[in-house]
Amino acid sequence: MAIPFARSKKLFVAVSGSESSRHLALSAGADQFIDYQKQDYVEVLKDFDYVIDTRGASEFRKELRVLKPGGKLLSLNAGPNARFAIQHGGFSTLQRLLFGVIGMPFDIAAHLQRKTYDFLYVQPNGKQLKNITQWIDEAGIKPTIDSTFAFRQVNEAIAKIAKGKAQGKILMTIQEGETT
């Protein structure tokens with residue numbers, strides 16, 4: 001969903017992945033695809049406004065290099081920081097302190113380069129899901145479906161997901177009267 005969302009905001013979208021994911025990324029709207037097995041995205045991409053990190057702390061410093069000064073790195077994996085705790089509330093003083101300590105190396109590294117680090121924890125939130133659903137409907141986004149399995153094939157579906165080779169969503173169908 002990140003690619004069509006960014007494209008709906010008129011952003012240029014570059015994606016790094018394996019050659020097997022090229023078609024999926026480009027068909028979702030990516031403007032540029034970089035095969036990480038042939039090229040290092042840091043050598044190709046420069047002066048981006050935003051980077052969405054799905055790899056975590058191991059790629060953090062490389063991702064910062066892609067951003068221009070004032071750019072923002074949004075991580076789904078690297079670690080929460082104090083800003084995350086403040087923005088999302090509901091955390092105890094100890095949790096806010098721990099998030100501040102965990103995120104400090106990321107915040108400092110970003111700050112030294114005049115960039116911003118934010119962390120996003122996606123959670124099942126009815127209001128958030130309603131907003132996303134509305135945007136998907138309005139934008140006419142169609143999900144990419146890799147395959148569909150009957151509920152009785154749940155083990156096969158899980159095995160496919162575990163292999164990490166799905167090119168889209170895996171769906172499960174439940175027929176009336178089907179039991180676990």
Common cluster, Ile141/Ile132, ILVMFWY with side-chain heavy-atom separation under 4.5 Å: yes
Euclidean distance, Met172 CE relative to Ser147 OG, rounded to 0.5 Å: 10.0 Å
Residues forming a side-chain hydrogen bond (donor to acceptor under 3.5 Å, both in side chains) with Lys72, sequence neighbours excluded: none
Set of residues satisfying side-chain hydrogen bond (donor to acceptor under 3.5 Å, both in side chains) with respect to Asp35, sequence neighbours excluded: none
Residues Tyr41, Glu59; criterion side chain to side chain contact (heavy atoms under 4.5 Å, CB included); working and verdict: CA-CA 11 Å; Tyr41 65 89; Glu59 292 286 305; 2.6 Å; yes
In one Ile/Leu/Val/Met/Phe/Trp/Tyr side-chain cluster, 4.5 Å: Ile34, Phe48: yes
Closest non-hydrogen atom pair between Thr173 and Thr148, with its separation: CG2-CG2, 3.4 Å
ring-ring contact (aromatic ring centres under 6.0 Å, His included) between Tyr117 and Phe60, intermediate numbers included: CA-CA 10 Å; Tyr117 170 75; Phe60 178 78; 5.5 Å; yes
Test item: Asp146 side-chain N/O and Gln167 main-chain N/O as donor-acceptor pair under 3.5 Å: yes
From Asp40 atom CG to Arg65 atom CZ, the distance as rounded to the nearest 0.5 Å: 7.0 Å
Crowding at NE2, His88 (>12 non-hydrogen neighbours, <6.0 Å): yes
Spatial distance of atom OG (Ser58) from atom CD (Glu63) [nearest 0.5 Å]: 8.0 Å
Modelled atom types, side-chain donor and acceptor of Glu43 and Gln39, under 3.5 Å: no
Approximate separation, where rounding is to 0.5 Å, of Leu64 CG and Thr116 OG1: 10.0 Å
Heavy-atom side-chain proximity of Tyr50 to Leu11 below 4.5 angstrom: yes
Leu67 vs Gln113 side-chain heavy atoms within contact, under 4.5 Å: no
Nearest-0.5 Å distance, OG1 of residue Thr133 to CD of residue Gln128: 10.5 Å
Taking every non-hydrogen atom, the tightest pair across Arg7 and Gly29: CD-O, 3.1 Å
Asp118 (side chain) donor-acceptor with Leu74 (main chain) under 3.5 angstrom: no
Single-linkage hydrophobic cluster Val42~Val44, side-chain heavy atoms < 4.5 angstrom: yes
Non-hydrogen atoms of Ser16 and Phe33 that approach each other most closely: C-CE1, 4.5 Å
Any donor-acceptor pair under 3.5 Å from Lys10 side chain to Ala6 backbone: no
Nearest non-hydrogen partners of Arg61 and Ala109, listed with the distance: NH1-CB, 3.3 Å
Hydrophobic cluster identity match, Val154 and Ile161, side-chain contacts under 4.5 Å: yes
Atom of Phe119, atom of Ala78 and distance for their closest heavy-atom approach: CE1-N, 4.3 Å
Arg152 to Glu156 - nearest heavy-atom pair and separation: O-OE1, 4.3 Å
Please table the atom pairs, donor to acceptor, closer than 3.5 Å between any side-chain atom in residues 96-105 and protein atoms at least two apart or in another chain.
{"unit_1": "Arg96", "atom_1": "NH1", "unit_2": "Phe91", "atom_2": "O", "d": "2.7"}
{"unit_1": "Arg96", "atom_1": "NH2", "unit_2": "Thr93", "atom_2": "OG1", "d": "3.2"}

Lys62 NZ: over 12 foreign heavy atoms closer than 6.0 Å: yes
Within 6.0 Å of NZ in Lys127, more than 12 heavy atoms from elsewhere: no
Donor-acceptor pair, side chain of Asp31 and main chain of Ala14, under 3.5 angstrom: no
Same cluster (ILVMFWY, side-chain, under 4.5 Å), Ile170 and Ile158: yes
Pairwise distance CZ(Phe84) to OG(Ser75) - rounded to 0.5 angstrom: 11.0 Å
